[in-house]
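In what follows, residues are counted from 1 in the order of the sequence shown. Values in this document were obtained by computation on a predicted structure and should not be read as measured data.
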Amino acid sequence: MKRYCLALDLVDDPKLMEEYERYHLNVWPEIKQSITEAGIVEMEIYRVANRLFMVMETNDDFSFEKKAKMDADNLKVAEWEQLMWKYQQALPIAKPGEKWLLMQNIFKLTGQE
């Protein structure tokens, strides 16, 4: 099992942020299916102000490259992603077209210490 943490911003507009959260209360079944088929076992998204933080637990076969290829071949995922761009804005350090950016783990406390 692997864990990945990613960040993204929302457009800083309370109405749009509320709409974004409503969409995530009822994520389309095709989107959920594409997530699990890519090897993502668990996914959570947190928000503070307009900053989003995603935690993904994946199986050992998961890769971002595989997920990107699957998404590119899925019209419903493309539709969802296009819709979400209304609410999302790339982080200032993102390259053109990049959304969620992988975060670097800088600290970990374990029960073994």
task: Apply the side-chain contact (heavy atoms from CB on, under 4.5 Å) test between L101 and each candidate in L6, D9, I93; give the one that qualifies.
output: I93
- line: When rounded to the nearest 0.5 Å, the distance separating NZ of K32 from CD1 of I40 is 14.0 Å
- prompt: Do you know the tightest heavy-atom contact between I31 and V77?
  reply: CD1-CA, 3.7 Å
- prompt: Where do E57 and E44 land on the side chain to side chain contact (heavy atoms under 4.5 Å, CB included) test, with the steps shown first?
  reply: CA-CA 9 Å; E57 299 280 345; E44 295 179 308; over 6 Å; no
query: Do the ring planes of F62 and Y4 sit parallel (below 30°), tilted (30 to 60°) or perpendicular (above 60°)?
result: tilted
- prompt: Under 3.5 Å, is there a donor-acceptor pair between the side chain of R47 and the main chain of A49?
  reply: yes
field: K69 NZ: over 12 foreign heavy atoms closer than 6.0 Å
entry: no
- prompt: Would you call D12 and M17 a side-chain contact if the rule is heavy atoms closer than 4.5 Å?
  reply: yes
- prompt: Are I45 and F53 connected in a single hydrophobic cluster, I mean Ile/Leu/Val/Met/Phe/Trp/Tyr linked by side-chain heavy atoms less than 4.5 Å apart?
  reply: no
message: Contact between M56 and I35 at the side-chain level, heavy atoms closer than 4.5 Å - yes or no?
response: no
query: Applying the 4.5 Å side-chain criterion to the ILVMFWY set and letting contacts propagate, would M54 and L83 be lumped into a single cluster?
result: yes
task: Please answer: with hydrophobic residues joined when any side-chain heavy atoms are less than 4.5 Å apart, are M103 and F64 in the same cluster?
output: no
- prompt: What heavy-atom pair brings S63 and K66 nearest, and what distance separates the two atoms?
  reply: OG-N, 2.9 Å
field: Any donor-acceptor N/O pair, E21 side chain to E18 backbone, under 3.5 Å
entry: no
field: W85, Y87, W28 screened by ring pair (Phe, Tyr, Trp, His ring centres under 6.0 Å) with W80, the one that passes
entry: W28
- request: Evaluate the side-chain proximity of W100 to L52: yes if any heavy-atom separation is below 4.5 Å, no if none is.
  value: yes
- request: Please examine the side chains of K86 and E19, heavy atoms only from C-beta on, and report whether any two atoms are closer than 4.5 Å.
  value: yes
- request: Report whether V11 and L8 are members of the same hydrophobic cluster (ILVMFWY, side-chain heavy atoms less than 4.5 Å apart, transitive linking).
  value: yes
query: Quick one: are D60 and K2 in side-chain contact, heavy atoms under 4.5 Å?
result: yes
- prompt: Would you say L25 has more than 12 foreign heavy atoms packed within less than 6.0 Å of its CG?
  reply: yes
field: Smallest separation among heavy atoms of K67 and S34, with atom names
entry: NZ-OG, 3.9 Å
message: Checking L10 against Q89 for the side chain to side chain contact (heavy atoms under 4.5 Å, CB included) test, could you report, in this order, the C-alpha distance in whole Å, the side-chain angles of both residues, the deciding distance, and whether it holds?
response: CA-CA 5 Å; L10 292 174; Q89 64 181 11; over 6 Å; no
query: Roughly how far apart are M43 CE and T58 OG1, rounded to 0.5 Å?
result: 10.0 Å
statement: For C5 and V55, the nearest pair of non-hydrogen atoms, with its separation, is SG-CG2, 4.3 Å
message: Would you say that Y23 contacts M84 through its side chain, given a criterion of any heavy-atom pair below 4.5 Å between the two side chains?
response: yes
E37 atom CD, over 12 foreign heavy atoms within 6.0 Å: yes
- request: Report yes if the side chains of M1 and V41 come closer than 4.5 Å at any heavy-atom pair, otherwise no.
  value: yes
message: Counting only heavy atoms not in R22 (residues, nucleotides, ligands), do more than 12 fall under 6.0 Å from its CZ?
response: yes
message: Quick check: do R51 and Y46 have side-chain heavy atoms less than 4.5 Å from each other?
response: no
